[in-house]
Amino acid sequence: MFIFNRSTTLNRHRMMEATVASVEVAALVTKITGVDVNVFATRYGEPGNTIAWTCRLDSQDELEGLTAKLMANEDYLAWIGSRSELFETATLDRLSSIISSTLTPEVKKYYTVLTAQAASGQMGAALDFGVRAQQLVAEKTGLATAFMTGVYGPFGTVGWITGGATMADIDKLWDLQMGDADYHALVAEAGPLFIETSGQTMLIEKLN
């Protein structure tokens, strides 16, 4: 499975209008393609006007077909052409391949996202570590989790997502990170596997 993510920043002077438009275009894309598109706003860890559209796909070929449908649809092209002033930056597209997960078909309200970049020569070990970390968090918290690797962009980029229906669910992850000895022992292995300071965390919230 792949997760496609397209992000941009909203016009800071028209935040409410731009947010509504972001949800609106997701519904339009879903109608045109038949693929569920979810809209996420960043709560913590990135600029507050960051918005992202995501969907789950089985293959890159499926993504190409989805893109072709949109490029041939007059309603979508008209929408894009008339709303550009609502967004500040060019879109950034990311494609991630899921290596292991306990994700459910139901998309959760909140997700923590942790990304890092494997050190030179450590990609294999970093992937092994990533799977073990995902499995430990899933087992200890019972939350929906996934470990993935970036298909494009900086080589060696990996990420973990952990989802919950409420912020109380997200607190379960925090409690694990702060107080679980098994988690601390596993994290101690990460030092030589990843580029120093490459780690980044954020919290995102589903809007639609």
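Values below: all heavy atoms of this structure, side chains included; hydrogens, waters and symmetry mates excluded. By convention here, the first residue in the shown sequence is residue 1.
- Electrostatic pairing of Arg83 and Glu85 does not count as a salt bridge here, judged by no charged N lying under 4.0 Å from a carboxylate O.
- Taking both residues in full, the closest heavy atoms of Gly164 and Ile170 are given as N-CD1, 4.1 Å, listed atom of the first, atom of the second, then distance.
- Every pair passing side-chain hydrogen bond (donor to acceptor under 3.5 Å, both in side chains) that includes a residue from residues 7-17 is listed here, sequence neighbours excluded: Ser7-Arg94, Thr8-Thr89, Thr9-Thr89, Arg12-Glu88, Arg14-Glu17.
- Each of Leu10 and Met16 belongs to its own hydrophobic cluster when Ile, Leu, Val, Met, Phe, Trp and Tyr are linked at side-chain heavy-atom distances under 4.5 angstrom.
- To the nearest 0.5 Å, atom CG of residue Asp182 and atom NZ of residue Lys140 are 3.5 Å apart.
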### Task
Check step by step if side-chain hydrogen bond (donor to acceptor under 3.5 Å, both in side chains) holds for Gln134 and Ser100.
CA-CA 7 Å; Gln134 175 269 319; Ser100 62; 2.7 Å; yes
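- A salt bridge between Asp175 and Lys172 is absent, with no side-chain N of the basic residue lying under 4.0 Å from a carboxylate O of the acidic one.
- Judged by distance alone, the side chain of Lys109 and the main-chain N or O of Lys206 form a donor-acceptor pair under 3.5 Å.
- Rounded to the nearest 0.5 angstrom, Leu86 CG and Glu24 CD are separated by 9.5 Å.
- With Asp169 contributing its side chain and Ala165 its backbone, the two residues share a donor-acceptor pair below 3.5 Å.
- Phe147 is not connected to Phe2 by any chain of hydrophobic side-chain contacts under 4.5 Å among Ile, Leu, Val, Met, Phe, Trp and Tyr, and they are in different clusters.
- At least one donor-acceptor pair under 3.5 Å links the side chain of Thr149 to the backbone N or O of Thr157.
- Judged as a salt bridge (Lys or Arg N to Asp or Glu O under 4.0 Å), and not counting sequence neighbours, Asp75 has no contacts.
- Hydrophobic clustering, with ILVMFWY side chains joined whenever heavy atoms are under 4.5 angstrom apart, groups Val151 together with Leu63.
- Looking at Thr30, its side chain does come within 3.5 Å of a backbone N or O of Val35 through a donor-acceptor pair.
- A 4.5 Å side-chain heavy-atom check between Leu77 and Met71 finds at least one atom pair inside the cut-off.
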### side chain to side chain contact (heavy atoms under 4.5 Å, CB included) between Thr19 and Leu207, intermediate numbers included
CA-CA 9 Å; Thr19 300; Leu207 300 183; 3.8 Å; yes
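- Note: Trp160 and Phe129 have perpendicular aromatic rings, judged against thresholds of 30 and 60 degrees for the angle between ring planes.
- A donor-acceptor pair is defined here as one N or O able to donate and one able to accept, closer than 3.5 Å; such a pair exists between the side chain of Trp53 and the backbone of Ser22.
- With hydrogens and angles ignored, the 3.5 Å screen pairs a side-chain donor or acceptor of Ser82 with a backbone N or O of Ala78.
- At a threshold of 4.5 Å between side-chain heavy atoms, the hydrophobic network of Ile, Leu, Val, Met, Phe, Trp and Tyr places Phe194 and Val131 in one connected group.
- Side-chain N or O atoms of Thr102 include one that pairs as donor or acceptor with a backbone N or O of Leu143 at under 3.5 Å.
- Met202 belongs to a hydrophobic cluster whose other members, connected by ILVMFWY side-chain contacts under 4.5 Å either directly or through intermediates, are Met1, Ile3, Phe40, Ile98, Leu103, Val107, Tyr111, Val113, Met148, Ile161, Ile204.
- One finds the CG atom of Asp128 at 11.5 Å from the CD atom of Gln122 (value rounded to the nearest 0.5 Å).
- In this structure, Glu62 has no salt bridge (Lys or Arg N to Asp or Glu O under 4.0 Å) partners at least two apart in sequence or on a different chain.
- By the ring-ring contact (aromatic ring centres under 6.0 Å, His included) test, Tyr76 is found to be paired with no residue, residues two or more places apart in sequence or in another chain being considered.
- With hydrogens and angles disregarded, a donor-acceptor distance shorter than 3.5 Å links the side chain of Ser198 to the backbone of Gln117.
- At distances below 3.5 Å, at least one donor-acceptor pair connects side-chain atoms of Thr166 with backbone N or O atoms of Ala168.
- For the atom pair CG of Leu66 and OG1 of Thr33, the computed distance is 4.5 Å after rounding to the nearest 0.5 Å.
- Both Ile51 and Met15 sit in one connected hydrophobic cluster of ILVMFWY residues. Membership requires side-chain heavy atoms under 4.5 Å apart, directly or through other members.
- Rounded to the nearest 0.5 angstrom, Ile32 CD1 and Asn73 CG are separated by 3.5 Å.
- With rounding to the nearest 0.5 Å, the separation of CD in Gln60 from CZ in Phe4 is 11.5 Å.
- Taking Ile, Leu, Val, Met, Phe, Trp and Tyr as hydrophobic and joining them when side-chain heavy atoms fall under 4.5 Å apart, one finds Met178 in a cluster with Trp174.
- Nearest heavy-atom pair across Glu106 and Arg56 is O-NH2, 4.3 Å.
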